[in-house]
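Since the structure comes first, as C-alpha cells, the remarks are kept for the end.
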Amino acid sequence: MKKIKWGVMGTAYIFERDTAEGMRQAENCEMYAIAGRSPEKAEMFKEKYGFEKACGSYDELLTDPEVEAIYIPLPNTMHYEWTIRALKAKKHVLCEKPIAPTAKEAQEMFDAARENGVYLMEAFAYQHSPYIEALSREIQKGTIGDVRYMEAALITSDYNQNNIRMRRDSLGGCTYDLGVYCSSLILRILGKEPGKIQAVSTFSDEHIDLYTAVLMEYDNGIQANFDCGMVLATDKNSALDRFQIHGTKGSIKSEVFGFNAPGELKYRIQTFDGRDEIKTVSVPHNYRLEVEQLGRCITDGEKPVVTESFSLSNARTIDRILEAIKY
C-alpha cells in the first residue's frame, strides 16, 4: 500500500486531541512534516508525534517537494489564504471545518483545487463514520417513510476567553464551531438546502454567538431545526450531541451518539406498526477514516466523501444563518 506523505500546518489543539491519533492509525499515512509558527514549537511536535521533519514556517512546508498532502487546522480566518497557497503549491489539502468564512471563499478554494489538479476536502471527520452511513441507508430505504421533521443539537462547555472560539478576530462563536455539525448532518439526511431560514442567538461582549437556535423550512413542507451553543458548565469539558428524524412511518433518534465519537454507537428505530429496535454500529477513529479516504482519492481516484457540492451547500446555509443572527 502506498503511503501519502502528510504535512501538518500548525500545532492546533484539534490536531493534538484528535487528528494526530487518526493519522497515526491511518494505514496509508506517513506523518512526514509538521510546521509551526516557531522552529522550537515545530521541533517539539516533531518529537512528540514522530514526524520525520520539523518546519519553522508554513512556507517551508509548502516548498518541500516530499509533501504530498497538507492538513490545515488553523483558525477560521486563516483557512482561505493558506489553503489557496497550498493548492497552488500542488499539494492536496484536508482543511478543517468550516472550510471558509463564506461560501464565496469556499468556491474560490475549490476552483483553485481544480485549476491545480489536486484534491481539496473539508475535514468533517464524522461524515466518514459508518454510523452516519447507516443512518443514511435507513432513510434511503424508507425505514421511517418520507422524512417530515428533523432536529439536531451540539452544545458544549464554554471556553477560556483566550480560546480562539471565543474571539471575534478569529471568527469564533458556536455557529462556526458547532452549528456546522448540525447543519451538515441535516444536509446529509435531507439532501438539500432549506428554502427559508430563521435564527436567533445570544452574544458575548466580543459579539460572538454563545447560543444559536435555527429553524429551517423546505419547499416540500419538511421542517428542521438545530441548537448549538457553548453554554454548559465551564471547565467540565462536557457536550450534548443528539438528533431525531421523524417520518411518515416512524422515527429514528440517537441513543449513544457523539458527532466524532468512536466506539459502539447506537440509534433507535420506532415505527407506527410496532417496531422498536436499537441498532449498534462499531465506529473506528473518525479522523483516521478521513485521512485514509483522502489518501485513497490521491492514489486510487476515489471521490471525496465530503464533496465540493456538499461543502458549498453547507457553507451557503451557514452564510444565511449568520446573516439572520447579524453576526
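Annotation for V283 and A261: closest pair CG1-O, 3.7 Å, computed over non-hydrogen atoms. Residues L210 and V231 come closest through the heavy atom pair O-CG1, 3.5 Å. Heavy-atom minimum distance, I72 versus T83: CD1-OG1, 3.5 Å. The heavy-atom pair separating I70 from A86 by the smallest distance is CD1-CB, 4.2 Å. Heavy-atom minimum distance, E60 versus G56: OE1-N, 3.1 Å. Nearest heavy atom pair, residue M1 against residue N28, reads SD-CB, 3.6 Å.
Within 6.0 Å of NZ on K2 lie more than 12 heavy atoms contributed by other residues, nucleotides or ligands. Applying the 6.0 Å contact sphere to CG of D205 captures no more than 12 heavy atoms from other residues, nucleotides or ligands. Applying the 6.0 Å contact sphere to CG of D146 captures no more than 12 heavy atoms from other residues, nucleotides or ligands. For K249, the NZ atom is loosely surrounded, since the number of other residues' heavy atoms within 6.0 Å does not exceed 12. Within a 6.0 Å sphere centred on CG of D276, heavy atoms belonging to other residues, nucleotides or ligands number more than 12.
Y32 and L294 fall into different hydrophobic clusters, where Ile, Leu, Val, Met, Phe, Trp and Tyr side chains are chained together by heavy-atom contacts under 4.5 Å. Hydrophobic clustering of Ile, Leu, Val, Met, Phe, Trp and Tyr side chains at less than 4.5 Å, counting indirect connections, keeps Y71 apart from L120. In the hydrophobic clustering of ILVMFWY residues, with side-chain heavy atoms under 4.5 Å counting as a link, L94 and F51 come out together. I252 is connected to L190 through a chain of hydrophobic side-chain contacts under 4.5 Å among Ile, Leu, Val, Met, Phe, Trp and Tyr, so both are in one cluster. Cluster membership check: L74 does not share its hydrophobic cluster with Y49, using side-chain heavy-atom separations under 4.5 Å among Ile, Leu, Val, Met, Phe, Trp and Tyr.
Distance CD1/I318 to OG/S311: 11.5 Å, rounded to 0.5 Å. Taking CD of E290 as the start and CZ of F124 as the end, the distance is 10.5 Å to the nearest 0.5 Å. Once rounded to the nearest 0.5 Å, the distance linking CD of E105 with CZ of F110 reads 13.0 Å. The structure places CZ of R268 at 11.0 Å from CD of E277, a figure rounded to the nearest 0.5 Å. Rounding to the nearest 0.5 angstrom, the gap separating the SG atom in C95 from the CD atom in E122 is 7.5 Å. Within the model, atoms CD1 of I144 and CZ of R275 stand 10.5 Å from one another, a figure rounded to the nearest 0.5 Å.
Of the options K91, K90, K88, a side-chain hydrogen bond (donor to acceptor under 3.5 Å, both in side chains) to N116 is made by K90 and by none of the others. A side-chain contact (heavy atoms from CB on, under 4.5 Å) with I245 is found for one member of R148, M150, E138, K253 and no other, namely M150.
At least one side-chain heavy atom of F15 sits less than 4.5 Å from a side-chain heavy atom of M23. Counting heavy atoms from C-beta outward, T175 and C228 have side chains that approach closer than 4.5 Å. You'll find the side chain of P98 reaches within 4.5 Å of the side chain of N76, heavy atoms only. The shortest side-chain heavy-atom distance between E308 and Q107 falls under the 4.5 Å cut-off. Counting only heavy atoms from C-beta outward, the side chains of C29 and K3 never approach each other to under 4.5 Å. Taking the side chain as every heavy atom from C-beta outward, M166 and M230 approach each other to under 4.5 Å. By the 4.5 Å heavy-atom criterion applied to side chains, D219 and K192 are not counted as neighbours. Put simply, the side chain of T19 does not reach to within 4.5 Å of the side chain of V8, judged on heavy atoms.
Side-chain contact, D209 with Y176: no donor N or O sits under 3.5 Å from an acceptor N or O. When only modelled atom types and interatomic distance are considered, D273 and T271 share a side-chain donor-acceptor pair under 3.5 Å. A donor and an acceptor atom, one from each side chain of S254 and Q244, are nowhere located under 3.5 Å apart. In this structure, a donor-acceptor pair under 3.5 Å is present between the side chains of S238 and S157.
The side chain to side chain donor-acceptor pair (under 3.5 Å) pairs that include a residue from residues 317-327 number zero, where partners must be two or more places apart or lie in different chains. Residue pairs meeting the ring pair (Phe, Tyr, Trp, His ring centres under 6.0 Å) criterion with at least one member in residues 213-243, sequence neighbours excluded, are F243-F257.
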For residues 36-46, run the donor-acceptor check on the side chains, cut-off 3.5 Å, and write out each pair with its distance to 0.1 Å, sequence neighbours left out.
unit_1 : atom_1 : unit_2 : atom_2 : d
S38    : OG     : K41    : N      : 3.1
K41    : NZ     : T11    : OG1    : 3.4

Just distance, no hydrogens or angles: give the donor-acceptor pairs under 3.5 Å from side chains in residues 181-189, sequence neighbours left out.
unit_1 : atom_1 : unit_2 : atom_2 : d
Y181   : OH     : N260   : ND2    : 3.0
S183   : OG     : G179   : O      : 3.2
S183   : OG     : V180   : O      : 3.2
S183   : OG     : N314   : OD1    : 2.8
S184   : OG     : Y126   : OH     : 2.6
S184   : OG     : V180   : O      : 2.7
S184   : OG     : Y181   : O      : 2.9
R188   : NE     : S136   : OG     : 3.3
R188   : NH1    : Q127   : O      : 3.1
R188   : NH1    : Q127   : OE1    : 2.6

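The closest donor-acceptor contact from the side chain of R167 to the backbone of N162 lies under 3.5 Å. With hydrogens and angles ignored, the 3.5 Å screen pairs a side-chain donor or acceptor of S204 with a backbone N or O of E206. For the pair D300 (side chain) and E302 (backbone), a donor-acceptor distance under 3.5 Å is absent. The backbone N or O of V305 sits less than 3.5 Å from a side-chain atom of Q293, completing a donor-acceptor pair.
Applying the ring pair (Phe, Tyr, Trp, His ring centres under 6.0 Å) criterion to Y80, with sequence neighbours excluded, gives no partner residue. For R316, the side chain to side chain contact (heavy atoms under 4.5 Å, CB included) test picks out A103, E193, L312, S313, with sequence neighbours left out. E66 meets the salt bridge (charged side-chain N to carboxylate O under 4.0 Å, His left out) test with K5; sequence neighbours excluded. For Y13, there are no ring pair (Phe, Tyr, Trp, His ring centres under 6.0 Å) partners, not counting sequence neighbours. Here H92 pairs with Y119 under the ring pair (Phe, Tyr, Trp, His ring centres under 6.0 Å) rule; sequence neighbours left out. Among residues two or more places apart in sequence or in another chain, the ring pair (Phe, Tyr, Trp, His ring centres under 6.0 Å) test is passed with H79 by none.
Ion pairing between K97 and D177 holds under the 4.0 Å rule for side-chain N and carboxylate O. Between R242 and E151 a salt bridge is recorded (basic side-chain N to carboxylate O distance below 4.0 Å).
Applying the under-4.5 Å side-chain rule to Ile, Leu, Val, Met, Phe, Trp and Tyr, the cluster around F272 consists of that residue alone. L289 belongs to no hydrophobic cluster, as no Ile, Leu, Val, Met, Phe, Trp or Tyr side chain comes under 4.5 Å of its own.
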